[in-house]
Every structure is written in C-alpha cells, then in structure tokens.
Amino acid sequence: MMNTKVIDLKDALWLLLLAVLALLPLVPFVSGSFFGMHVLILVLLFASMAQAWNIIGGYCGQVSFGHSVFFGIGAYGAGMAVVTYGGLPWGGILAGMVLAAVVAVIISYPCFKLTGHYFAIATFAIVEIFNRAFLVWEWVGGALGLDYPVIEEGLANLMWYETKEGYYYCALGLFVIVFGIVRWLESHRFGYYMRAVREGQETAESLGVNSTAVKLGAMAISAALAALCGSFFVQYNLRVDPPMVMSLDMSMKFVLVTILGGSGTLAGPLLGAAVLIPLQEYTRAFWGGLGGGVDLMIFGVLIIVIVIKEPAGIIGILAGIGKSLARRGGTAQGGA
Amino acid sequence: MALLEVREVTKKFGQLVANDRISFSVEEGSIVGLIGPNGAGKTTLFNCISGLFKPEGGQVVFDGKDITGEPPYRIARMGAVRTFQVVRPLKDMSVLENVLVGAFLRTSDRGEALTRAEECLRLCNLTAYRDRMAGDLPIGGKKRLEMARALATGPRLLMLDEVMAGLNTTELKAALDVILRLRDSGITLMVVEHVMEGIMPIADKVVVLDGGTKIAEDIPARIVRDERVIEAYLGAKYGRRLKNGTQGGSRD
Amino acid sequence: MSRGSRSFVRWFILAAALCLLVSPLTGAGPALAAEKIIKIGTIFPLTGPVATAGQRCQAAVQTAVEIINNKHPEIKVPLANKEGLLDGYKIVLVHADSQGKPDVGKAEAERLLNQEKVWALIGAYNSSVSKPASFVAERMKRIFMCGSSSSAALTQRDMKYFFRLAPTDATESVDFVEVLKWLNKTKKAGIKTLGVIYENSEFGKHAAEEAKKAAAAGGFKVVADVPFSPGATNLNSEVQTLKGSNPDAVFGAVLGADYSLWVKTMKQAKWLPKIVINYCSGYQDPVIAKQLGPDAEYFMGSSGYSPQFASLMPAVAPVEKIFKSKTGGVPFDGNSIQEAVAMLVLAQAIEKARSLDPDKVAKTLMENTWDSPLSLGGKVKFVKGGQNVQAKSIITQLQNGQYKRIYPEKMADAKIVFPMKPWDKR
Amino acid sequence: METFAQVVLDGLLSGMVYALVAAGLCLIWGVMDVINFAHGEYLMIAMYVSYWLGFLANIDPVVSVIAAGVFIFIIGALTYLLIIRYTVGKPPLAALLATFGLAMFLKNLCLNRFSPNFLILSDTWLGGKTFQLGGLIFPAPQLAAAALALIVVGLVYLLINSTRFGWAVQATAMDREAAELMGIDTERIYILIFGIGGACVGIAGGIMPSYLAVHPEVGSLFGLIAFVCVAMGGFGSIPGAFLAGLLVGVAEALAGFYIAPVFKYIAVFGLYLAVVFLRPKGIFGW
C-alpha cells in the first residue's frame, strides 16, 4: 500500500542531497577552502568505497577484508595506463574493473567454502600475498611504485593540479554511480537474493536461489566498483605503490566505514564516511603534527566506543534519536 | 505418471544408516503423508529429495528427470520446493520480503513478484504481519511464513516438513484447509508429520518410516491398522498389548 | 543509567560529527597577517614504522628555527647572531604527520600550503612521500626543501622549486665501489664479489639498483641480491642466502630495527663478509649502534654527519646541544642534520634575496653557493633539478663504539680494520 | 645438505615462537569465538615490559617473562572487562573491529609514551649466544623461546584437558547457557581465559627482547602470523596451532632460502590458503 510512496520519498531525499552536494563547490567559502574540498572529496570517495564493500559485506553478508586488493587492481589499472603506457587513464580504469571482477571471482570461489573467521583470515592472507607479490613484480613497478608524469590537466587525463573542483565532481560522479547501482540492486531481484543469502544460505537455496552464483556475482560487482574507486584514488594522488593501496589498513577502512555507518543499508556508508573521514583528517590536522600519535589514539578509542555502544552503526544512532524525539513529541502532546 | 519417484534411496552418516533403500512414489495431484516416530529418518529423506544431502545410493526422479545429487536451488527451480521443520525465517527481512524472495523465482519483475507475494500472504493469513521483521513473528506465524515463502515460488511439488506441529485445533484446521486448497489448485503435496492425526484425514497415501526403513505405504485407512506401524509408534510391548487387547475383545 | 549513558553517547557522537562536517564549510578564515612571521610547514613520518627518523628530522628543523629566530652568539652558523630574518620576521613552524604514506603526505602538503598558508615546505624523509608532496609545492610555485630523501629520481624531474641537500644513493653507491677499489689496490683485498641486502621499499630498491649499476661499472660481480620485507619477524633466510653465496663485500640498505636484527642474525649464523658498507640507515642511528654494542663493530657506512666529525665541523657542537634537548639526548645523525641544513639554507636565501617572493628566493637559492658549517663540505650549491652538488659523505667504520672516518683518506682519522673481525675472534 | 638442515632448524625454531604467540590467541578463539586483533600489540607491550625491566632494573628477559606474562594477563582480563564483554551477542565482527581500535590505540599509546625509537637490550644472558651440534648452529634466544613454547603450550593443553577448570572452560566453550545452568560462572571463565591467552603471548613477548628490537610496530606482523597459525590449526585446537606454527616457520624458512627472501611471507599466507581450501576448518578442525 505505502510501499511505493515511501521509496519515492526516500529517493527524493537522496536527490535533494545530491543536488546540494553538486552545488556545494559554487559556495565560495567551500571552494575557497582547499582542505575542506579535500575532505569532501575523501568523504565521497570513502562513501563510494564503503558502498562497494557494502554490496558483498553488508547486503550479502560475506565480510571480506580483501577489498584493498580490488581497490589496488583498479589503481594499478589507471596508473599503468598513464605511467607505463603513456595513454589516457580510461582504458586502464575499465581494464582494472574487469580484471578486479575476474580476480574476485577466482579467489572468492574457494574462499566461499570457508565460514566465519576462517573466511576473514583467508581474506587477510590474500591481501598480504597481493601486497608482497606486487612489491616484487617489476612489470607493475615493484616497490618503486608508479609516479605520474606531468601531463596536461583536464577531464581527458582525469587530473587537475591547481583546483579541486574537477576532482570533486568526479568524486560526486563516482558516488552517484556506486550509490545508483546499489540503489537499483536493492530494489530488484538480485538485491533480495543477496539479503536472502546473508540471512540463510540453505533457506535461500531451498527457494531456488543459487547462492554461490549470487555471492560470486555480488563479489564481482563489488570488486569492480572497488576498482573504480581505486582508479579515482590513484588519479587523485598521482602515485601508486602497494602499501598505499593494497594493505590491511586500506581493507579495514572499507569495513570500518561501512560497519560504523550501518552495514546493509543504503545510507550507512555515506554516514560512516561523513563521520569517520573528517574525524580522521581533522584529528590529524590538529594533533598529527605533535607526533605523539594522539590523533590515531583518539581514532582507535572512537572505533571501540562506536562498536560496543552502537553495533547498528551511526544509522542506528540516528534511528534512536528519531525514536526518542518521536516519543518526546508524543508525551508532550499527551501532557497538553 | 508419478511426479516424484524415490528409488532405493540410502543415506549414511558414518556407521549410522539414516535411510535404508527407501522407495515410494508421489502421484501428480495427490497428497502424500510421510510419517514415522522421532529419528525415523523423515527429515533426512526430505533433505535427500530436496538436494540438501547427497544420498549414497538410489535415485530421486522428479517429473521423469533424475535429480539425485542436484543442488537444492536447481531442484527448487524445477518445481520441487520444501519447507524446514525448524523454521528458518530470513530474520532481518520483513515478512513480505521473505515471501518476495520466493516469488522472484518465477519472475524478475518486482511488481509481478509483489502481486504474487501478497497473494501467498493472504492465503497463509499473514497479511497482518506483512511489514513485521520475520524474526519477530510468533512461532505459528513463522511456520506459516515457511509455507507462504515456498508457495510463492509456484511449486509443482510442495514438501512440507512438520508445518502442523504445535498448532492448536483451530490452527490445525486452518492449515488443513490451506493444504486442501493448494491441492485443488493443482499442487502436489508431500507432508511430513510426526503426529498422525493431522495428516490422516486428507492424505491420499501415507508412507511410514521407522529406523531408517520404510515399513508401510498405503492409504490412511489401512495404515492406522497396520501392526508394524502401531508397533513402531507405541513400541513393541504396547503393540503386542494392543494386539492382544483387540483380540481379547471385552477384557476391559 | 545505561539508557541515559547510551543516549548521551548518541548525542555526543552526533554533535561531534556535525561539528566536523560543518567545520570544512566554514573554513579557517583568512589568516591574520598582522605579525611579521614566515610560516614554514614540515612534513615527516611522525607515526608508523619509520617514526623514529621522522621525529628526529622534525626536531632538527625546530633546532634550526630556534637558531634563526633567536640570538645565539655562541653558534658559528649564518643567521645565528641575529634575531629573525628580513629585519624582524620570525619563522613559525607548522608540523604535519605523513605517517610514511604518500597519499597522506600529499594531502598534508596541500593542507599546509592552502589552509595553513605556509610559505614553504620542508620534508618528507621518505622518498615516496617527498615525490608527491614536492609536486604539490611545485605546482603552487612554492619552495620545497628536501633534507634527507635519497632517491636519485627526485632531482631528475627538472623542478624549479625543489632543493635536496642529501647526497643521492647514486653518488653514495659510486663512493662505496670506490672504497672497494681502494681496498683492492692498497690492501690487496681481493674483493671480487658483492652482495646487496635491502628492504623491499622505494628506498631500498633504489639504493640496490644504484649499487648494482655502480658495481657493474666498477667490475664487481653481484652474487647475492637479497631484498626483504621490512618489519620482518626474523631474517634467517636472508642471512642464510647471503652466507650461501658468500660474497666478499656486502652493501646494505637496512633500516632501524631490521638492522639490529640483521646484525644479530649474522652473528648467530657465524658469518661475516670481509666488509659491509651501509647506506644511510640503521647503521647511522647512534642509538642503535650504542645498543648493539660490540656486535656493531667494524661495520661501515656513509654518513653526512656523526658526532665524531666534530673536529671537521666545529660549528655543530652548540647546535647539537639544542637538538639533544629536543630528542632526549640523541645526537644528530646524517639524516636529521640535513633537515637542519635545509632550513638554514632556506633562511639564508630569504635573507639574501631580501624578499618573500618564492620565485626570487628560488632563483637566489639556485644562483649562489651557500656557507653551511653544518654540512660536511661546508658549502651547499644547487644545480638544475635541485640537487646539492656539494653534498658529501664520509665512509665511516664503527670502532670501539665510535664512527671513525675512513674514506676519503684525506679526511680520515683512523685506519680501516679490514677484513672485519670474525665473530668468534671478538 | 647441512645448509638445508640449518634452514629447516631455523624454521622450526622460529615456528616454535609463532606457536607460542598463537597459543594464547587460539585459546581465546576456541573458548569465545573472538578474534583478538590486538594480539600483536599485547606482544609488543610485553616486549616493552621486559625491555624496561632489563633497562631500569637490570633484570634479564629470561626472568622478566614472568612479569610480562602477569602484566599481559591483567591487560587481557581488562580487555575482556572493558571491551569484549560488551560485544557478546553483537554481530561476530564487533569484537574484531573493537580490538582493531584497541590495537590502534595501544600502538600509538606506546609510540606516545616510549617514543618510536628502536630499543635493544644489550648484554642479555642469551643474546648472541649459540650452541653448536654437529654442523648445526642453535641460537640460544630462539632455543629458549622454543623451550618456553613447549612448556607453555603443554601447560595450557594440560590445563584445558585435564583439570576441573579446563572442564568448565570446555563446557563454556561448547554452550555458554548450558554451562551456566551447571553452575559455572562463565563470566569468570571468560575473564580468566582472556587473561591466560594474554599471559601466553606475554611470555612470548617477554623473552623476545633477547634478540629483537622493541618498537611500537613490532607486533603487527607477529599478530597476523598468529591469526594464520590459529586458523590453519583449526578452531581452538592448541595442538593444531602448535603444528601450524611449526609448518609456518619451516615454510617461511624454506621459501625464504630456496625461492627468495621476499617470498617468505607469500609462502606463509599461501600455505594457509592451501590448507584451508583443502580442509576448510583447518588441520585439526571439525
């Protein structure tokens, strides 16, 4: 009865948010603040990364700590297209996405036989293997990494030196693509199948769901989108080496942002990124220079607090506040 | 022609033989009861048919095709769908969404699936719970959800695993009604029950398992008199006493 | 109570999130330009695996700034004897932590330049961080002073605003090979084969490549090429591999904790080559050398500075005193002192250019030869690309816990112990 | 041939150390189904304890292991009381993520308090000493660590398998509610298990300053390898973790010597994948 209407309202809110985000750089005190733009770009990038992870980790329930591998493959795709072959990044981005999806399917197939912590640790191991293999693989630049040459800036080369607006709109485009895909998946058969597999694999199978195919499909989409984010990351930083992109640290960020925001929900990754990334950047800006690791200590404690106090993530906090407001409103009315 | 044929199916767990060369058939459009005391191997057999277990020997033939060892989802897609004795709701999804998962088997269109799901909810008296989280349903609701979900896949053979256990008389009657209605709409049913009362009035045929072997296969009326069945259910001593009792006539 | 505390946490987190979200929008506002200050940004790895080196580099820059801003008649370094620059300008440092990560270093460079409005940057220790960070500065036409990053590639980029003080691994490698030739000639050392052990990172890899190039040019055969993963739990197979091919000489690019593990593992394996020469690395760290004690003896390495150079560089001692007060007594090493030099030379250039126009200062930096009592050669001279061609290092050997100068001969204060004393004869 | 034997010996010895580090993790995992991401940081803190005792009070690491064990026992128990307790009943990842935050906190706390300097104890009893047997060289610190590994792993195994406390632990591990019905104070069991798990790694960390430099990052890789050992050995199986530790050590040594040193850890992690792909629950898993 209400179903379609509710979705419309939700989507309208999303569109409104996007419109605000799209207009943000036009406001002078935002575009004037270079660092502010940087933080906004990172928020959009990490929201997209988390959302990509959310497909397999949140909706499909397979908690992978291996996404930095796909992220890295995407980064190397773009990086090698520009640095090694001296071309435009676009072909590399596409190749990176396809390759990431293929690699994801190949390594996930045996991994999906593992459950719980065995799966998690297997994905740790895969990250370490890729990290170390890329460090010695001369073709991809090995430990030296790839440094971008100075070339013409602009959309064709997907890089800008002096301004952040170009990157910002690209990040926004990335965000729209990734969130759009997840939004579409969520309301279609595949989305329901993913959640069914998460909630009960045998049950889903009994209803005709090929759970292996669903998981592999979700992993492939997730990996391809992670690779897309990776290629943006390398275009943004103009350098790539294995510790930058293929590390457990990077993998943990995929998971943390999603889980702290609220996994398995469309808004969770954005919320997570909108809180964690500014926190990370600003604590570093305020305290990082002292050299005491104070920023990272605060960050660590914050993770602990959120995880044990609010397992549903920030979206849970918002829902709680909404509820308590409603309750308060209710009692107020009752009193009157 | 039989819709489902079970031929000499054998399933072992280590030394334990859970199903020993069991054979029977389920005719199209009929209701077949599969009964037996606890540990008789009913659910194991169910799992063998629905693909959850791979039997060590024998064959399962559905609609003329050998489906032994096929994965569960493929068997479900062919039209043989089962429910679980221990209910398995997809907890963090709403009741409607649970049923939608089933409904998506025959269509990828959301609107069509929605219509079908609503229909199944209505059939199983779940419309009121539609937007509740499946994990929050009372146990009776969860049992009905199992059925609604299976039904939404548009099965030809619906295999129900103890859906009537624990229901009170009114609920039982409603459940039986639903089953009969399903049969009338052309669905073949295979119903596993631990208690006989539920299934006897509506079954066309009853298969009785005990200790992993089939001990009887007949129409309900004859099954209730079958000595081996009575023995299996009440134990050898009671079975003998019961037999003596009937022979002795007016002893008490 | 639990509900109360829970909802408090909720509100707290939400409020914090809102503050942080809003703060980039409002921005820091225009910097107050009332006082006569020159803001200089530093970027070093203050946390993470190479934090030790990063924190010492940061302290070195602070030391230099203290000398520049205040009157220190006891210090014989340009600008020490007056307060500030350009008639009253003082330098204010803004520090940033790169965590040793290129992406973080780049973002911090942008933040310092755009948000903190620093006038120039100093950093970034890791070559892999210096690259993108200096690139940001170059595009914004800001000067980037690089003290200690050693990758030769940095100064092959033709940048206009980039200046590097330290010798590159390329020149160091050539020096090392010279030492081997010198030994062959003067001591009939008979060194023919070479092993290279290096951490598999940008730093180690570069050093090893230059080493192999130099070895080939010098007619030495590289028989063992041993990269390893930094932060290893043990170095057994690395040492076994070296032992297995038994080279006459070993060049090492091994940092920090790995260096002490490497030395100890060689001792356990009862193996030593005739000679070991290290790139600026764990060998140079006076703390590690002290803690390793006798085990560290007879290893060699190149160094732009060590406390035993005092007789060559008398100006260092009073500066080092300030530095030690910031590091809890740790003296300068070859890396950190270069960062102090970077700061001092930059200040001298500002003074000489009489201007805060980065173009003018960069031009001045490039055109002049600078007095630098803290540098081994006493001079600093940049050439196209920003390399300091006066960068010198001395090959030292640890003898009795002292870094003794061995090569070049005219700067030597001790004779080389060659070959290294085997473990069982110590 | 002699080289081969030496390489295998080195591998076995470092494998014993891995086993010792992994034993504590294994115990915690087996009983509580929690992966403690801060395990490597426990190791690091234990090394600091041992280092400072050696530096300030001139106590040798061989003695300090006891203090380090006790200290990390307390830290472990505190971790349970302050963090893990609140993750029970939450998604399985909660504990892992919370301990990730803890690891980050501890690492940077040590950086803040003790500076990032590499700290090395000179003149320890064992440091640099070796025994020679046949052509083989046995380094004393690793030998001591291996002996400790055997003792500690043996004791823990006995504790779990043949004491009343162990029986209660096993009951708790199998079914917490049932154990409580039997009158077992499972909360206490959890605290003690976290403490004992911590003590194991504390002892490992206590001996290590004999041959390893101490710094805030030292634990990370050990922690990761401990995860691999535990998962390779199989859910909560202490003999499994021990065997896996040895396998990891030997694989690392062989790959490092016969392929290339940079392939050491690739071989370790590859071995783990190979094992779990063949036996998804690990060597001794069920």
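Proteins come first, then strands; the chains are lettered A, B, ... in the order of their sequence lines, and each starts at number 1. Remember, it's a predicted structure, so these values are computed and weren't measured experimentally.
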Does any backbone or side-chain atom of [X] lie under 4.5 Å from a heavy atom of chain A? Answer side chain, backbone, both or neither.
{"X": "D:Leu224", "result": "side chain"}
{"X": "D:Phe227", "result": "both"}
{"X": "D:Leu278", "result": "neither"}
{"X": "D:Leu96", "result": "side chain"}
{"X": "D:Phe37", "result": "side chain"}

Are any of the side-chain heavy atoms of [X] and [Y] separated by less than 4.5 Å?
{"X": "D:Leu97", "Y": "A:Val255", "answer": "yes"}
{"X": "A:Lys113", "Y": "D:Phe277", "answer": "no"}
{"X": "A:Val136", "Y": "D:Phe263", "answer": "yes"}
{"X": "A:Leu256", "Y": "D:Phe100", "answer": "yes"}
{"X": "D:Leu273", "Y": "A:Ile126", "answer": "yes"}

Is chain D contacted by the side chain of [X], its backbone, both, or neither, given a heavy-atom distance below 4.5 Å?
{"X": "A:Thr115", "result": "side chain"}
{"X": "A:Leu248", "result": "side chain"}
{"X": "A:Ile259", "result": "side chain"}
{"X": "A:Phe65", "result": "side chain"}

Query raised in the report: Looking at D:Tyr265, D:Tyr272, D:Tyr86, which has the largest count of heavy-atom pairs under 4.5 Å with chain A?
Result: D:Tyr272
Query raised in the report: Relative to chain A, which of D:Leu109, D:Thr87, D:Thr99 shows the most heavy atom pairs under 4.5 Å?
Result: D:Leu109
For the atom pair [atom1] ([X]) and [atom2] ([Y]), what is the distance rounded to the nearest 0.5 Å?
{"X": "D:Phe105", "Y": "A:Met297", "atom1": "CZ", "atom2": "CE", "value": "4.5 Å"}
{"X": "A:Ile304", "Y": "D:Met104", "atom1": "CD1", "atom2": "CE", "value": "10.5 Å"}
{"X": "D:Ile225", "Y": "A:Glu128", "atom1": "CD1", "atom2": "CD", "value": "9.0 Å"}

Query raised in the report: What do you reckon, is CZ of D:Phe55 surrounded by more than 12 foreign heavy atoms closer than 6.0 Å?
Result: no
Query raised in the report: Around D:Phe71, counting heavy atoms of other residues, nucleotides and ligands shown, do more than 12 lie under 6.0 Å from its CZ?
Result: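 It does not: D:Phe71 CZ has 12 such atoms or fewer within range.
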Query raised in the report: Between A:His117 and D:Asp33, is there a donor-acceptor pair closer than 3.5 Å when you use the side chain of the first and the backbone of the second?
Result: yes
Query raised in the report: Counting only N and O atoms by type, is there a donor-acceptor contact under 3.5 Å from the side chain of A:Tyr118 to the main-chain atoms of D:Lys281?
Result: yes
Least distance between heavy atoms, [X] atom then [Y] atom:
{"X": "D:Ala98", "Y": "A:Ile308", "result": "CB-CG2, 4.3 Å"}
{"X": "A:Ile121", "Y": "D:Ala231", "result": "CD1-CB, 3.8 Å"}
{"X": "A:Ala133", "Y": "D:Ile266", "result": "N-CD1, 3.6 Å"}

Query - Set of side-chain hydrogen bond (donor to acceptor under 3.5 Å, both in side chains) partners for D:Glu217, sequence neighbours left out - result: none
Query raised in the report: Any residues in residues 237-259 of chain D near chain A, with a heavy-atom distance under 4.5 Å, and which are they?
Result: none
Requested in this report: Any chance you could lay out the side-chain contact (heavy atoms from CB on, under 4.5 Å) test for D:Asn108 and A:Val294, step after step, and finish with the verdict?
Outcome: CA-CA 7 Å; D:Asn108 288 288; A:Val294 176; over 6 Å; no
Requested in this report: Please find out if less than 6.0 Å separates the ring center of A:Phe130 from that of D:Phe269.
Outcome: no
